[in-house]
> 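Here it is, the structure in full.
Atoms within a ligand are numbered from 1 in the order they appear, just like the ligands themselves.
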Amino acid sequence: MMQTTAVVVGAGHAGLAMSRRLTERSIDHVVLERGEVANSWRTQRWPSLRLLTPNWQTRLPGHDYAGDDPGGFMPVADVVTTLTRYARLVDAPVRTATTVRTVRAVSQGFEIQANDDLLRARAVVVASGACNLPAIPGVADAVPPSVTTITPLTYRDPGQLPDGGVLVVGASATGIQLADQIHRSGRPVTLSVGEHVRLPRTYRGRDIFWWLESTGLLAERYDEIDDLTRARHLPSPQLTGTCGATITDLNALTALGIRIVGRLGRITDGVAQFSGSLANACALADLKMNRFLNRADEWATASGLDDQLPPSHRFAPTCVDPRSPLELDLRSGGITTVLWATGFRPDHSWLDIPVRDRTGHLRHDGGVVADAPGLYVLGMPVLRTRASTYIHGAGTDSEALADHLNSFLSSRR
Ligand SMILES: Cc1cc2nc3c(=O)[nH]c(=O)nc-3n(C[C@H](O)[C@H](O)[C@H](O)COP(=O)(O)OP(=O)(O)OC[C@H]3O[C@@H](n4cnc5c(N)ncnc54)[C@H](O)[C@@H]3O)c2cc1C
């Protein structure tokens with residue numbers, strides 16, 4: 001049985017950032033990865049995906065973007081290259097093709113079964129990803145068998161879909177990007193829209209992530225957020241990794257010819273029923289966007305930047321077609337595919353320790369799993385700050401958790 005001080009599960013950006021922090025603290029560890037480095041980006045993302053965060057923001061401990069396009073958006077292949085180089089840069093002790101099958105608490109630490117090997121460690125860092133399984137609503141069971149269903153984890157390109165109309169359920173970053181792409185392939189697309197986060201790609205000449213970072217919003221700490229559960233389950237913003245003036249809001253999608261309908265509520269006898277509150281959902285998203293733009297303007301004024309930035313302005317409200325259908329018969333042949341862009345969830349099924357709540361989510365306090373001392377989790381949305389949802393957030397999160405882990409080890413010595 002192999003003995004080590006810490007085991008990190010997963011060699012995505014979060015696991016690699018943690019590895020770097022552990023090395024900095026001379027903590028002996030191994031990173032166990034079921035595939036290769038950046039496995040999720042290699043196997044679970046569609047090839048045309050680009051990050052929606054700009055290149056300058058793709059930074060990790062000891063690594064800043066040094067390319068010639070800081071304002072651009074990385075294609076998924078470049079994310080893989082960046083993380084593979086980062087693993088080499090920080091000399092991460094990654095064991096690839098090593099699937100963690102169980103982690104159990106034992107005296108003095110944890111026992112980890114990985115492939116057919118047993119390991120012992122005093123600490124375990126779960127960095128196995130927040131988006132490894134699709135979050136599919138129960139209503140999916142009622143889709144008629146004649147209709148193909150697919151999730152973003154297995155979607156690759158429109159050519160994979162049967163001819164005919166596509167119902168995309170969910171209008172966050174993934175839903176709007178795939179609705180746009182599938183529509184451009186010539187298939188009629190209907191987009192089902194529930195609660196969503198509308199943000200412009202650029203505002204007053206700057207990328208929206210510049211504003212989110214500059215105003216301090218992304219740095220808001222988890223223990224200072226009023227409704228943390230809500231913040232952790234907030235849908236991703238309606239953005240795509242495209243430069244220039246391209247706006248991918250619902251108005252733009254409607255102008256392209258994509259049909260917008262309300263939230264999918266039920267499917268009864270093959271008939272999909274959509275909520276009649278589409279206009280309300282859109283009005284709320286517009287209101288929240290404007291609230292953030294007000295905050296951005298106030299921050300710019302207080303920072304003395306008004307003279308250096310183009311004037312403030314507001315975007316057209318979302319226009320909702322009052323004739324938007326409330327029902328769609330999925331048996332009529334008009335819809336041949338339903339794409340569930342309804343979010344993702346982590347897979348912690350291999351954790352054989354009672355640390356999950358009723359809904360299956362890992363109970364933790366800013367990444368520290370209080371019910372199992374020595375167990376940590378990294379890479380979850382709003383783990384320690386709002387930036388935790390994004391790649392660059394792993395920088396401060398891994399630092400704080402590595403400090404905690406180090407103190408934990410010292411206290412047990
Ligand atoms: C569609 C999509 C678009 C996104 N776009 C952006 C963006 O533009 N900008 C941004 O900053 N963030 C983006 N994110 C969010 C975030 O960067 C990802 O969720 C990110 O992949 C999380 O990194 P991670 O290292 O925590 O997990 P992952 O990248 O998922 O890495 C986890 C690793 O753990 C491995 N693993 C899992 N289970 C086991 C096991 N049992 N044993 C061994 N290994 C295991 C996996 O193979 C994987 O390599 C996006 C996410 C998605 C889903």
Side-chain angles (χ1 to χ4, degrees), residues 7-19 30-60 72-76 78-80 82-84 86-87 92 94-103 112-115 119 124-135 151-153 155 170 172-178 207 209 212-213 218 235-237 239-242 341 343-352 367 377-383 386-395 397-398:
V7 160
V8 178
V9 184
H13 79 269
L16 297 173
M18 192 62 181
S19 173
V30 62
V31 182
L32 304 180
E33 167 55 56
R34 63 182 170 185
E36 293 177 68
V37 166
N39 187 54
S40 300
W41 297 100
R42 292 174 196 266
T43 63
Q44 295 192 314
R45 311 281 178 261
W46 59 99
S48 62
L49 172 71
R50 282 175 179 268
L51 290 189
L52 51 81
T53 43
N55 289 338
W56 56 262
Q57 210 169 30
T58 303
R59 46 180 193 253
L60 286 166
F73 302 91
M74 239 177 244
V76 80
D78 290 1
V79 180
V80 171
T82 301
L83 294 184
T84 306
Y86 184 69
V94 183
R95 275 217 226 163
T96 55
T98 305
T99 301
V100 172
R101 306 210 183 277
T102 53
V103 171
I112 301 106
Q113 196 198 335
N115 291 354
L119 288 86
V124 170
V125 181
V126 177
S128 55
C131 306
N132 302 123
L133 294 173
T151 76
L153 292 181
Y155 171 87
S172 296
T174 298
I176 58 151
Q177 288 175 37
L178 298 187
D207 189 83
F209 274 92
L212 292 168
E213 191 161 303
L218 289 182
S236 56
L239 289 171
T240 58
T242 42
F344 303 92
R345 59 195 174 91
D347 179 7
H348 295 144
S349 55
W350 42 271
L351 262 180
D352 195 7
V377 60
L378 193 59
M380 295 289 124
V382 199
L383 185 92
R386 289 193 193 269
S388 306
T389 308
Y390 302 101
I391 291 171
H392 72 283
D397 291 357
S398 58

> Considering non-hydrogen atoms of the protein only, which is the closest contact for atom 43 (C) of ligand 1, and what is the distance?
R34 N, 3.2 Å
> Among all protein heavy atoms, pick out the one at the shortest distance from atom 35 (C) of ligand 1; state its residue, atom name and that distance to 0.1 Å.
E33 OE1, 3.3 Å
> Side-chain contact, heavy-atom cut-off 4.5 Å: L52 with Q177?
yes
> Please tell me if the side chains of L83 and L60 come closer than 4.5 Å, counting only heavy atoms from C-beta onward.
yes
> How close does the nearest protein non-hydrogen atom get to atom 4 (C) of ligand 1, and which residue and atom is it?
W41 CH2, 3.9 Å
> Is it true that the side chains of D397 and S388 contain a donor and an acceptor less than 3.5 Å apart?
yes
> Provide, to 0.1 Å, the distance between atom 9 (N) of ligand 1 and the closest protein heavy atom, together with that atom's residue and name.
T53 OG1, 2.7 Å
> S40 heavy atoms, cut-off 4.0 Å: which ligand 1 atoms fall inside?
28 (P), 29 (O), 30 (O), 31 (O), 48 (C), 49 (O)
> Does T99 offer a backbone N or O that forms a donor-acceptor pair with the side chain of N115 under 3.5 Å?
yes
> For the backbone of V80 and the side chain of T84, can you confirm whether one donor and one acceptor N or O come within less than 3.5 Å of each other?
yes
> Considering the options I112, V8, V94, which one meets the side chain to side chain contact (heavy atoms under 4.5 Å, CB included) requirement together with L32?
I112
> Nearest protein heavy-atom contact for atom 34 (O) of ligand 1: which residue, which atom, what distance?
G10 CA, 3.1 Å
> How does L16 reach ligand 1, by side chain, by backbone, by both or by neither, if only non-hydrogen atoms under 4.0 Å count?
neither
> Taking the inter-plane angle between the rings of H348 and W350 on a 0 to 90° scale, is it parallel (under 30°), tilted (30 to 60°) or perpendicular (over 60°)?
perpendicular
> Should you measure from each heavy atom of C131, which atoms of ligand 1 turn up under 4.0 Å away?
19 (O), 53 (C)
> Is there a donor-acceptor pair under 3.5 Å between the side chain of R42 and the backbone N or O of V76?
no
> Report, in ascending order of atom number, the atoms of ligand 1 lying under 4.0 Å from any heavy atom of G12.
25 (O), 29 (O), 31 (O), 33 (C)
> Would you mind telling me if ligand 1 is within reach of the side chain of A127, the backbone, both or neither, using heavy atoms under 4.0 Å?
backbone
> What about T389: any of its N or O atoms under 3.5 Å from an N or O on ligand 1?
no
> Is a side-chain donor or acceptor of T151 paired with a backbone partner of P134 at a separation under 3.5 angstrom?
no
> Taking distance alone, with no angle check, do I391 and ligand 1 share an N/O pair under 3.5 Å?
yes
> A14 to ligand 1: N or O pair under 3.5 Å?
yes
> Could you list the atoms of ligand 1 found under 4.0 angstrom from a heavy atom of W46?
1 (C)
> Using only atom types and a distance under 3.5 Å, with no angle test, would you say the side chain of E33 pairs donor to acceptor with the backbone of A11?
yes
> Just which atoms of ligand 1 are under 4.0 Å from any heavy atom in N39?
47 (O), 49 (O)
> Determine, for R95 against E36, whether the closest basic-nitrogen to carboxylate-oxygen distance falls under 4.0 angstrom.
no
> Heavy-atom distances under 4.0 Å are what count here, so tell me which part of F73 touches ligand 1: side chain, backbone, both or neither.
neither
> Would you check, one step at a time, whether the test side chain to side chain contact (heavy atoms under 4.5 Å, CB included) holds for D207 with F73?
CA-CA 11 Å; D207 189 83; F73 302 91; 3.5 Å; yes
> With backbone taken as N, CA, C and O and side chain as the heavy atoms from C-beta onward, which portion of Y390 lies under 4.0 Å from ligand 1: side chain, backbone, both, or neither?
both
> Does any N or O of ligand 1 fall below 3.5 Å from an N or O anywhere on L49, backbone included?
no
> Find all atoms of ligand 1 within a distance of less than 4.0 Å from any non-hydrogen atom belonging to N132, and give their numbers and elements.
30 (O)
> Taking 4.0 Å as the limit for heavy-atom contacts, which would you say applies to R101 with ligand 1: side chain only, backbone only, both, or neither?
neither
> So which protein heavy atom does atom 41 (N) of ligand 1 come closest to, and at what separation?
V100 O, 3.1 Å
> Indicate, as side chain, backbone, both or neither, the part of F209 found under 4.0 angstrom from ligand 1 when only non-hydrogen atoms are considered.
neither
> Is there a side-chain contact between E213 and W56, using heavy atoms and a 4.5 Å cut-off?
yes
> State, with a plain yes or no, whether a side-chain heavy atom of V125 is found less than 4.5 Å away from one of V377.
no
> What protein heavy atom sits nearest atom 22 (C) of ligand 1, and how far off is it?
H13 CE1, 3.5 Å
> Quick one: look at L32 and ligand 1, take heavy-atom pairs under 4.0 Å, and tell me if it's side chain, backbone, both or neither.
backbone
> So does A341 get a backbone contact from the side chain of T174, meaning a donor-acceptor N/O pair under 3.5 Å?
no
> Suppose we measure from atom 6 (C) of ligand 1 to each protein heavy atom; which comes out shortest, and what is that distance?
L51 CD2, 3.8 Å
